[in-house]
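Please read the structure below before turning to the comments.
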Amino acid sequence: MTAYNTIAFDPSRCELCNDCNACMTACSQIKAGTDDLLHSRIKIVAGFNGNPPELALCRQCGDPECTKSCPSTALTKNPETGLIDWDESLCIDCLLCTVGCTYGGITYNAELKHVAKCDHCDGDPACVKACPSGALTYITSASIFNEQHEREDLFVPGLSACQGCNSEMIMRHSLRKVGPDTVLATPPGCIPGMGSVGFNGTTGTKVPVFHPLLTNTASMLAGVKKQYNRMGRNVTAMALAGDGGAGDVGFQSLSGAAERNDQILFICVDNEGYMNTGMQASGSTSYGSWTTTTPVGTEMKGKRTSQKNLAMIMMNHNCEYVATASTAFVEDYYEKLDKALAASERGFAYLHIYSPCPTGWRFPSSQTIEVCRKGVETNFAPLWEYERGGELRFTHSIDNPLPVEAYLNLSGKYRHVSKEQLAHIQEQVNERVKSLKRFAGLN
Amino acid sequence: MNTTHYLIAGASHAGLEAVHRIRLVDETSPITLVTRDAHAPYSPTILPYVVSGQSAPERVVLRKADYFTQHNVTLISDNELVAINENDRVASLKSGDQWQYEKLLLATGADPIIPPIPGLSETPFHVLRTMQHAIDLREHAGKAKRAVVLGAGLIGMHGAENLRHAGLDVTIVEMCDQVLPGYFDPRAASVIETAFNDNGIHMVMGSRVVKVESQDNGCRITLENGNSLEADLLLVATGVKPQLDYLKGTSVQVDQGVLVDRNMRTDAPNIWAAGDVAQAADFYGEDKVMMGILPDAVTQGAIAAMDMAEDHALAPYVGGVPINTYTFFGQQAISVGQCMADAQLEELTRTDDDNQRYLKILLKDNRLHGISSINEEMDAGIMWQLILRKIDLTPVKDAFIARPLETGRALMSSTWR
Ligand SMILES: Cc1cc2nc3c(=O)[nH]c(=O)nc-3n(C[C@H](O)[C@H](O)[C@H](O)COP(=O)(O)OP(=O)(O)OC[C@H]3O[C@@H](n4cnc5c(N)ncnc54)[C@H](O)[C@@H]3O)c2cc1C
Ligand code: SF4
Ligand code: SF4
């Protein structure tokens, strides 16, 4: 199976254009040479009660219902493109396909006197090009799965992470990619806590794993790596640490290893606090966040200080490779992981992955990826990379971000946030982007 | 004796969907597909277009031969299930071959009903259910001038229109006072009837045929009121009924069709039934019903197969909802769900006679019960889901009544996310 292209729709961006209809006009133009929206095969419809707009468009289904309802074989799934092709010469206009489709993806066009559906404009969709807000994007779906699914998951099944845990996803994805020639360190935190280091003499990991102290992860790994080098064996010394284990308690050893440019792949899984011990705040906890040590009451309204930007601090160590990543943008993460892995052969590589936590942040477990995505799209958690000697480079556009509420509104930990706090957070986000831009040589 | 894990009788919508669903979760167990037809699989719905010449038989094959080899399916055509020994799980075919199965799906569809009209059995006439029927009818139509069609159901109406397209003088005789009874309300039916009249088809409504006589080059049809019609081509389309002789001696319970539960299981162990052959739960009431429509054959075939293959994603059948998308002389009549109001239903209608448009919405407790239309853009699949999911329209009722298309789209789109 190959990866197919798809037209992705982001309603929260679509909302910004105030019913511009640019996509529908472009579709009508290219398909029928008119502005009459009757001919558009993509239909944006108003959401209810102030909700964002909704979409009716052929999803080019993997297991399409329209083709099954079609008595004439006019509709078929093209194995090359993944598109559902419609053959006018076969169609008998019975409209049974419109019964099968529950997306409004194929509908009768009274002027054409036939059904019509989206065909991705032969791989160059006019609607996407016309969309001014970035709500429509033309992307390749499922390529990551197709490339990676043959690799072995090097954690055992049945780790006891919370439902919807982002950290578990990060661990499994990362180690699967890095591969079996790895020695893994997981300092105290959710990652060993869910069973990856194991107990009673068995481990939850299919590579050698150890459980350093919070304080000495990077220095222990440096020693392990040196010993393997001496033995002439090439192994990856890898850490999967929480933000506390990396940036607070474990910071001096981390900073030391980065400064010495030790050959380590250090991955920080940042869930903004000490979540597995009861949701205490850390240095990475963002301003305004509710935690058990930054409660919301008459005086205090969540955390009073801002988070430190650990990724930028690491970049200022001038080590081999530093990048931020998010599980909502896995393609981007995989590319960075490849680079980090290569860099860790030369010296210190550091990946900082934003890891929204459904349990500690108070959002439904089904929303993890959505929270990740909104973090990036609001510029709250911008994606960038840095290679030693080079400049910082954004890997996801920081232009036209969504307002930061789009991210904050998703998590219960910001529920109490006042207008003033919100304005403050937005300002911080803007400031942080400004300073990142300076490192990127942009203004 | 031959053995197979899955034995499926019938290679049309229900049977083919079952093969597809089984192979999604079970790539290896042998599947054997037996069909009475000698032609490669096709849809009965296409047949009127074969008659008119619009569709070429070789271009409307639902699955090519290589599909079956690729999916490790043994296809046996031009043969027939004739008996079942449910205790030994053995099916006998017309050829005399016997197949031992683990699981058996009956997807044998329905056959035309031949009404007991005096003289009919001695007169040459056509029916329309198989490709061979269509080919014969097409050949005959090429030589004929005057056709009479008995029955104004879907098959009769499609047949009549396509005979007209083929250049014949066509008369439809129907017992009821309206065309497509049960599918459309009298108002929609009258629009359809008018279009038929306008296109030169004679509509003889509310009339019973009392006698058919064979004549040189055709037949004479006598009506209840004494009038008679002459034709050189007679198409009988007075309904369909499953042919279930192969069930003799089994514990499978039968009413109008094979009675099945919500997983499409019959009363006999290891035997399922789906599609036009089955009589399954009604969405609206307690009695089991015959659906006789293509989308439902697909749904039922899928459910049966998921149960047979022990697919955990199986969601039991929620009941049949009548659905018809009927195109006639370039116009569209669509009906999803109930089409006739009763005392419990709220009825809203809108007509636009100038543009031949008509819309009717039936609601119960602010939930959609049925929607039908003539020449209105409509997403039948979305309306079907609104009914099946019993989506509460209270917060959007005004919008739905004013703009069912857009509102339906927005509702479904928000449900997906
Ligand atoms: C002219 C016409 C127009 C139609 N128009 C529409 C329409 O517009 N919309 C709509 O929804 N539906 C329409 N239908 C109905 C639709 O075609 C059927 O609902 C659908 O085909 C049912 O599918 P099925 O698989 O249950 O059975 P069928 O399609 O009837 O297939 C039965 C299969 O079983 C095989 N078979 C029969 N007996 C045996 C046996 N003893 N052993 C082995 N194999 C056997 C047959 O060869 C065939 O392969 C129309 C039907 C006709 C005839
Ligand atoms: S038309 Fe509808 S059912 Fe067919 S592929 Fe498109 S979205 Fe899926
Ligand atoms: S309208 Fe055309 S494409 Fe749609 S089901 Fe009928 S024959 Fe197939």
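Within every chain, numbering begins at 1; the chains are lettered A, B, ... in the order of the sequence lines, protein sequences first and strands thereafter. Quick caveat, the model's predicted, so the values are computed rather than measured.
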Review point. Using a heavy-atom distance cut-off of less than 4.5 Å, which residues of residues 21-35 of chain A contact chain B?
Key: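 Interface residues of residues 21-35 of chain A: none, nothing closer than 4.5 Å to chain B.
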Practice item. Can you check whether anything in residues 66-76 of chain A gets within less than 4.5 Å of chain B, heavy-atom wise, and list it by number? Key: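 If one takes a 4.5 Å heavy-atom cut-off, the residues of residues 66-76 of chain A near chain B are A:Lys68, A:Ser69, A:Cys70, A:Pro71, A:Ser72, A:Thr73.
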Select one option (side chain, backbone, both, neither) describing which atoms of [X] are under 4.5 Å from chain A's heavy atoms.
{"X": "B:His20", "value": "side chain"}
{"X": "B:Ile323", "value": "side chain"}
{"X": "B:Thr407", "value": "both"}
{"X": "B:Ile334", "value": "side chain"}
{"X": "B:Arg63", "value": "neither"}
{"X": "B:Val336", "value": "neither"}
{"X": "B:Leu62", "value": "both"}

Take atom [atom1] in [X]; do more than 12 heavy atoms of anything else shown fall under 6.0 Å from it?
{"X": "B:Glu27", "atom1": "CD", "value": "no"}
{"X": "B:Asp398", "atom1": "CG", "value": "no"}
{"X": "A:Asn78", "atom1": "CG", "value": "yes"}
{"X": "A:Gln163", "atom1": "CD", "value": "no"}
{"X": "B:Arg367", "atom1": "CZ", "value": "yes"}

Exercise for review: Given side-chain contact (heavy atoms from CB on, under 4.5 Å), test B:Leu405 with A:Lys43 step by step and report yes or no.
Suggested key: CA-CA 11 Å; B:Leu405 182 79; A:Lys43 295 110 190 167; over 6 Å; no
Exercise for review: Under 4.5 Å heavy-atom distance to chain B, tell me which part of A:Phe48 shows up: side chain, backbone, both or neither.
Suggested key: side chain
Check your understanding: A:Ala56 versus chain B, heavy atoms under 4.5 Å apart: side chain, backbone, both or neither?
Key -> side chain
Measure the spacing between [atom1] of [X] and [atom2] of [Y] and express it to the nearest 0.5 Å.
{"X": "B:Glu17", "Y": "A:Glu65", "atom1": "CD", "atom2": "CD", "answer": "6.5 Å"}
{"X": "B:Gln332", "Y": "A:Thr98", "atom1": "CD", "atom2": "OG1", "answer": "10.0 Å"}
{"X": "B:Gln54", "Y": "A:Leu90", "atom1": "CD", "atom2": "CG", "answer": "9.5 Å"}
{"X": "A:Leu57", "Y": "B:Arg409", "atom1": "CG", "atom2": "CZ", "answer": "10.5 Å"}

Point to revise | Side chains of A:Asp87 and B:Arg59 in contact at under 4.5 Å (non-hydrogen atoms) | key: yes
Check your understanding: Are B:Arg21 and A:Asp63 side-chain neighbours, meaning at least one heavy-atom pair lies under 4.5 Å?
Key ->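 B:Arg21 reaches A:Asp63 side chain to side chain.
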Practice item. Kindly determine whether A:Ile92 and B:Ser55 satisfy side-chain contact (heavy atoms from CB on, under 4.5 Å), including the steps that lead there. Key: CA-CA 8 Å; A:Ile92 56 168; B:Ser55 302; 3.6 Å; yes
Check your understanding: In terms of heavy-atom pairs under 4.5 Å with chain A, which of B:Leu24, B:Leu411, B:Leu16, B:Ile293 leads?
Key ->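 The residue among B:Leu24, B:Leu411, B:Leu16, B:Ile293 with the greatest pair count is B:Leu411.
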Check your understanding: At their closest point, which heavy atom of B:Ala410 faces which heavy atom of A:Glu54, and how far apart are they?
Key -> O-CG, 3.6 Å
Exercise for review: Determine the minimum heavy-atom distance between B:Thr325 and A:Val99, stating which atoms define it.
Suggested key: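 Minimum heavy-atom separation between B:Thr325 and A:Val99: CG2-CG2, 3.5 Å.
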Review point. By number, which residues in residues 374-396 of chain B have some heavy atom less than 4.5 Å away from chain A?
Key: B:Glu377, B:Asp379, B:Ala380, B:Gly381, B:Ile382, B:Trp384, B:Gln385, B:Val396
Check your understanding: In chain order, what residues pass the ring pair (Phe, Tyr, Trp, His ring centres under 6.0 Å) check against B:Phe328, with sequence neighbours excluded?
Key ->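 Ring pair (Phe, Tyr, Trp, His ring centres under 6.0 Å) list for B:Phe328, sorted by chain: B:Tyr326.
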